[in-house]
Asker: 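Below: one structure in structure tokens.
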There are 2 protein chains.
Amino acid sequence: MVTMSTVQAEEHREREMLRGVGLRVTQPRVAVLGALRRHPHADASAILGAVRQAVPSVSHQAVYDCLHALTESGLVRSIQPAGSPARYEIRRNDNHHHLVCRGCGEVVDIPCQTGSAPCLHTDDDHGYAIDEAEVYFWGLCPACQAGHATRPTEFPTQSHRDREDQK
Amino acid sequence: MVTMSTVQAEEHREREMLRGVGLRVTQPRVAVLGALRRHPHADASAILGAVRQAVPSVSHQAVYDCLHALTESGLVRSIQPAGSPARYEIRRNDNHHHLVCRGCGEVVDIPCQTGSAPCLHTDDDHGYAIDEAEVYFWGLCPACQAGHATRPTEFPTQSHRDREDQK
DNA sequence: CATGTTTTCTTGATTCATTCCAGAAACCGG
DNA sequence: CCGGTTTCTGGAATGAATCAAGAAAACATG
């Protein structure tokens, strides 16, 4: 039996994932999955950059197409925190949520306390068929608390959530 | 004592709100607040349309400027459900959440079950100073369940709806 | 209620993320 | 290894939002 490098093994798994959901196995798709494995929560342009290390000729459109195909197939999950371009991560079916830094935009995963979707309930669903409760926690990361914000400070939105008048 | 029409009374209250947070009282700002009172969850272009009924000459930039000033002062809250342009509502400090229809993009308010912000907790805050937990419920509204979706379905890329805002 | 300072609004151009389009290339079942 | 599909390339287009410079409006003051 021939030994396999981890890189090879991971790429192999990514091909499997694609086949598993009935998607054709193409260089860009494998590269996009690889980029997402190494850079969770990356946005389209970061992914494009990462993919081009492996395949310098990919077009930005190919990346968008891949991301759409992957998202639709359920392999990838996209999140869009207010004020940020869409970000992507490989879907693990643990229904976790996200914590976003208002200063630098960094995103970290927050496990769902209440188990599986839709993890939150309402008394009045207005007749809707609700299938998901998506949660964004907002705050300041340690670096930004220390005054090292790396962008204009504050997101365009939600900068002034309920203040002292709350409660 | 002179009687006041409801319209006048509401406009008066809006002027008060502006003064209350130290903002200059301008026609566009009063009109934007009025539009938001009548059309909660409207996006910038719907608001522009509504404002122009009262003040036909306002620029779209003025609307953006107003929305920013109002948001920063805390009078207005903005939300950005994935795939939708930013939407706005007059801030009531009840820390409520939103339910968004995947079919037509309609947004309805969902009172917070757990009281006041940040209404949800995490065991591991990763060192962040968390101040808010923003929740989006996703589902299908009654009309869209019945097959009357008014946008492409799938991933929400609703561009310009709310044309009926004219009225 | 006239004035000057400051803020806000108008106009027009610009950026950024994303999508649309038409042909060329790549995938994969047979 | 061939043919039919799907996907990718390259380039243009769209929509939401922002930037910039000067004109207009708000309002504190005299």
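First the proteins, then the strands, lettered A, B, ... as listed; each starts at 1. Being a predicted model, the structure only gives us computed values, none of them experimental. Heavy atoms only: backbone and side chains are in, while hydrogens, waters and symmetry mates are out.
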Asker: What integer distance in Å separates A/R52:CZ from D/dG10:C1'?
Answerer: 11 Å
Asker: Nearest whole Å is fine: how far is D/dC19 C1' from B/D65 CG?
Answerer: 11 Å
Asker: CD of A/Q61 versus P of D/dG11: gap in Å, rounded?
Answerer: 14 Å
Asker: Taking only the side-chain heavy atoms of A/Y64 (C-beta and beyond), determine which of D/dT18, C/dA17, D/dT9 contains the nearest atom.
Answerer: C/dA17
Asker: Would you call B/R37-B/E14 a salt bridge at under 4.0 Å N-O?
Answerer: yes
Asker: Report which part of the nucleic acid A/A44 touches: base, sugar-phosphate, or nothing (heavy-atom distance under 4.0 Å, all strands).
Answerer: sugar-phosphate
Asker: From D/dA20, C/dC9, C/dT19, pick the nucleotide closest to the side chain of B/R29?
Answerer: C/dC9
Asker: Roughly how many Å is it from CG in B/L48 to P in C/dT11, rounded to a whole number?
Answerer: 12 Å
Asker: Considering only C/dC21, D/dC8, D/dA16, which nucleotide approaches the side chain of B/P85 most closely?
Answerer: D/dA16
Asker: Give the nucleotide from the list D/dC8, C/dT11, D/dG11 with an atom nearest to the side chain of A/C66.
Answerer: D/dC8
Asker: Does any part of the side chain of A/C141, heavy atoms only, come nearer than 4.5 Å to the side chain of A/C104, both counted from C-beta?
Answerer: yes
Asker: Could you check how far CD of A/Q80 sits from P of C/dC16, rounded to whole Å?
Answerer: 18 Å
Asker: Among C/dT10, D/dC8, C/dT18, which nucleotide sits nearest the side chain of A/A86?
Answerer: C/dT18
Asker: Please state how far atom CZ in A/R87 lies from atom P in C/dT18, giving the value in whole angstrom units.
Answerer: 11 Å
Asker: Treat each ILVMFWY residue as a node, draw an edge where side-chain heavy atoms are under 4.5 Å apart, and state whether A/V100 and A/L140 are in one component.
Answerer: no
Asker: So, does A/H68 get its side chain near the phosphate of C/dT19, meaning an N or O under 4.0 Å from OP1 or OP2?
Answerer: yes
Asker: Considering non-hydrogen atoms only, spot the tightest contact between B/C66 and B/R29 and give its length.
Answerer: SG-CG, 3.6 Å
Asker: Check the distance between C/dT8's C1' and B/L18's CG and give it to me in whole angstrom.
Answerer: 13 Å
Asker: Run the side-chain hydrogen bond (donor to acceptor under 3.5 Å, both in side chains) test on B/E106 and A/Y128 for me, step by step, so that the C-alpha distance in whole Å, both residues' side-chain angles and the decisive distance to 0.1 Å come before the verdict.
Answerer: CA-CA 11 Å; B/E106 188 188 44; A/Y128 280 56; 2.6 Å; yes
Asker: Test side-chain hydrogen bond (donor to acceptor under 3.5 Å, both in side chains) on B/H39 and B/E89 and set out the steps.
Answerer: CA-CA 8 Å; B/H39 309 284; B/E89 66 185 358; over 6 Å; no
Asker: At under 4.0 Å between heavy atoms, how does the protein contact nucleotides 22-30 of chain D? Give one character per nucleotide, 5' to 3', with B, S or -.
Answerer: ---BBS---
Asker: Rounded to the nearest Å, what distance is computed from the NE2 atom of residue A/H60 to the P atom of nucleotide C/dC16?
Answerer: 14 Å
Asker: By the rule that ILVMFWY residues connect when side-chain heavy atoms come within less than 4.5 angstrom, directly or transitively, which residues belong alongside A/V51?
Answerer: A/M17, A/L18, A/V21, A/L23, A/V25, A/V30, A/V32, A/L33, A/L36, A/I47, A/L48, A/V55, A/V58, A/V63, A/L67, A/L70, A/L75, A/V76, A/Y88, A/I90
